[in-house]
Amino acid sequence: MKYCENCSCATNDSRCPLCGSKKLRPVKDDDYCLVTECKKSQAAQRKEDLARYGIQAIGVPYGDGFRSQLALPLENERLYVPYAQLHKTLELLHAWEKEEEKILRTYLLQHAKSLSISPKLAKRLIRKLRLTEEELIPYLREALTSADKVYDGGALSNSSAHLYLCRLPKYVITLNSETMEIVAVDRR
């Protein structure tokens with residue numbers, strides 16, 4: 001395993017997957033390695049969860065320069081762990097991600113009957129997908145339940161609702177978790 005000192009990234013490749021640098025050295029057990037980037041609120045929870053398993057994760061604020069220019073805190077955090085604990089951390093993160101996705105899928109299945117769509121978006125989708133008006137909602141329900149991946153895209157501002165994203169082979173469907181309204185269908 002090699003290590004990029006610029007990105008704090010461990011890799012099996014001859015180049016860093018983040019910056020493309022060829023200046024890699026053998027990784028040491030005490031090198032801190034990037035494991036994930038997540039919302040600031042989720043990062044705090046992840047650090048606590050990892051600490052329960054004896055893994056010390058360090059969070060570094062990360063985001064675009066625009067928020068910094070406005071003197072606003074950065075919205076994301078990158079989490080780093082020592083290389084010696086990298087594989088265990090990745091296993092835990094993967095397991096937690098699967099559990100969260102299972103919860104989201106269950107929620108979608110329970111609330112699929114409440115699915116709605118704005119008339120303007122419905123008209124566009126009917127034309128694009130070559131469906132009738134009566135076929136659209138059942139088609140979207142089926143698509144949501146058979147999505148490749150379902151994840152939480154974050155909270156909507158000034159609301160307790162979240163945007164749920166459902167990835168399909170050709171599309172990503174975005175919906176409001178509270179109203180179950182489909183707000184976007186985008187090509188992948």
Open item on the list: Do Tyr139 and Leu144 have side chains that approach each other closer than 4.5 Å (heavy atoms only, starting at C-beta)?
Closed with: no
Open item on the list: Salt bridge or not between Glu135 and Arg130? Use side-chain N to carboxylate O under 4.0 Å.
Closed with: no
- [ ] I would like to know whether Asp49 and Leu92 meet side chain to side chain contact (heavy atoms under 4.5 Å, CB included); could you show each step before the answer?
- [x] CA-CA 9 Å; Asp49 293 342; Leu92 289 169; over 6 Å; no
- [ ] Kindly compute the distance separating CD1 (Ile182) from OG1 (Thr174), expressed to the nearest 0.5 Å.
- [x] 9.5 Å
- [ ] Ignoring hydrogens and angles, state whether a donor on the side chain of Tyr62 or Arg78 is under 3.5 Å from an acceptor on the partner side chain.
- [x] yes
- [ ] For residues Val27 and Lys2, determine if any side-chain heavy atom of one lies less than 4.5 Å from a side-chain heavy atom of the other.
- [x] no
TODO: Would you mind reporting whether Thr11 and Cys4 have side-chain heavy atoms less than 4.5 Å apart?
DONE: no
TODO: Spell out, yes or no, whether Leu175 and Leu129 are grouped together once hydrophobic residues are joined by side-chain heavy atoms under 4.5 Å, including indirect joins.
DONE: yes
Open item on the list: Measuring only between side-chain heavy atoms, which start at C-beta, is Val35 closer than 4.5 Å to Tyr80?
Closed with: no
Task: Closest approach of Arg15 to Lys22 (non-hydrogen atoms, all atoms of both residues) - done: NH2-CE, 3.2 Å
Open item on the list: If you compare all heavy atoms of Leu50 against all heavy atoms of Ala57, which two are closest, and at what distance to 0.1 Å?
Closed with: CD1-CB, 3.8 Å
Open item on the list: Rounded at 0.5 Å granularity, tell me how far NE2 in His94 sits from CG in Leu90.
Closed with: 10.5 Å
TODO: For the pair Arg46 and Glu100, find out whether any cationic side-chain nitrogen is under 4.0 Å from an anionic carboxylate oxygen.
DONE: yes
Open item on the list: Test side chain to side chain contact (heavy atoms under 4.5 Å, CB included) on Leu34 and Leu18; report intermediate values, then the result.
Closed with: CA-CA 10 Å; Leu34 174 66; Leu18 299 176; 3.7 Å; yes
Open item on the list: Quick check on the hydrophobic clustering: are Leu108 and Ile173 connected, directly or via other members, by side-chain heavy-atom contacts under 4.5 Å?
Closed with: yes
Open item on the list: Is it the case that over 12 heavy atoms from other parts of the model lie below 6.0 angstrom from the OH atom of Tyr53?
Closed with: no
TODO: Check whether any side-chain heavy atom of Leu79 lies under 4.5 Å from a side-chain heavy atom of Leu93, and answer yes or no.
DONE: no
Task: From CG (Leu163) to CG (Asp152), nearest 0.5 Å - done: 8.0 Å
TODO: Please determine if Lys28 and Asp31 form a salt bridge, counting it only when a charged side-chain N lies under 4.0 Å from a carboxylate O.
DONE: no
- [ ] Check whether any side-chain heavy atom of Cys33 sits under 4.5 Å from a side-chain heavy atom of Pro82, and report yes or no.
- [x] no
Open item on the list: Is there a continuous path of hydrophobic side-chain contacts, each under 4.5 Å between heavy atoms, that joins Val81 to Met1?
Closed with: yes
TODO: Would you mind reporting whether Ile117 and Leu125 have side-chain heavy atoms less than 4.5 Å apart?
DONE: yes
Task: Point-to-point distance, once rounded to the nearest 0.5 Å, from CG of Leu24 to SG of Cys16 - done: 6.5 Å
TODO: Run the numbers on Cys166 and Tyr171 for side chain to side chain contact (heavy atoms under 4.5 Å, CB included), then give the verdict.
DONE: CA-CA 8 Å; Cys166 303; Tyr171 301 99; over 6 Å; no
Task: Side chains of Asn76 and Glu37, donor plus acceptor under 3.5 Å - done: yes
TODO: Pick out which of Lys40, Lys47, Gln42 makes a side chain to side chain donor-acceptor pair (under 3.5 Å) with Glu77.
DONE: Lys47
TODO: Could you tell me whether Lys102 atom NZ has more than 12 heavy atoms of other residues or ligands within 6.0 Å of it?
DONE: no
TODO: Over all heavy atoms of both residues, which pair between Ala10 and Leu86 is shortest? Give the atoms and the distance, please.
DONE: CB-CD2, 4.1 Å
TODO: Apply side chain to side chain contact (heavy atoms under 4.5 Å, CB included) to Ile55 and Lys88, showing your working.
DONE: CA-CA 9 Å; Ile55 300 171; Lys88 178 66 175 167; 3.9 Å; yes
TODO: Examine the side chains of Ser160 and Glu178 and answer whether a donor and an acceptor come within less than 3.5 Å of each other.
DONE: yes
Open item on the list: Between Arg25 and Glu5, does any NZ, NE, NH1 or NH2 come within less than 4.0 Å of an OD or OE carboxylate oxygen?
Closed with: yes
Open item on the list: Side-chain heavy atoms nearer than 4.5 Å, only ILVMFWY residues, links allowed to pass through others: does that put Val172 and Leu115 together?
Closed with: no
Open item on the list: Measuring from atom NZ of Lys128 to atom CD1 of Ile126, what distance do you get when rounded to the nearest 0.5 angstrom?
Closed with: 13.0 Å
- [ ] Quick one: pull up CE in Met180 and OH in Tyr164 and give me the separation to the nearest 0.5 Å.
- [x] 9.0 Å
Task: Linked, directly or transitively: Val150 and Val183 (ILVMFWY side chains, under 4.5 Å) - done: no
Task: Close side-chain approach of Arg188 and Asp148, heavy atoms under 4.5 Å - done: yes
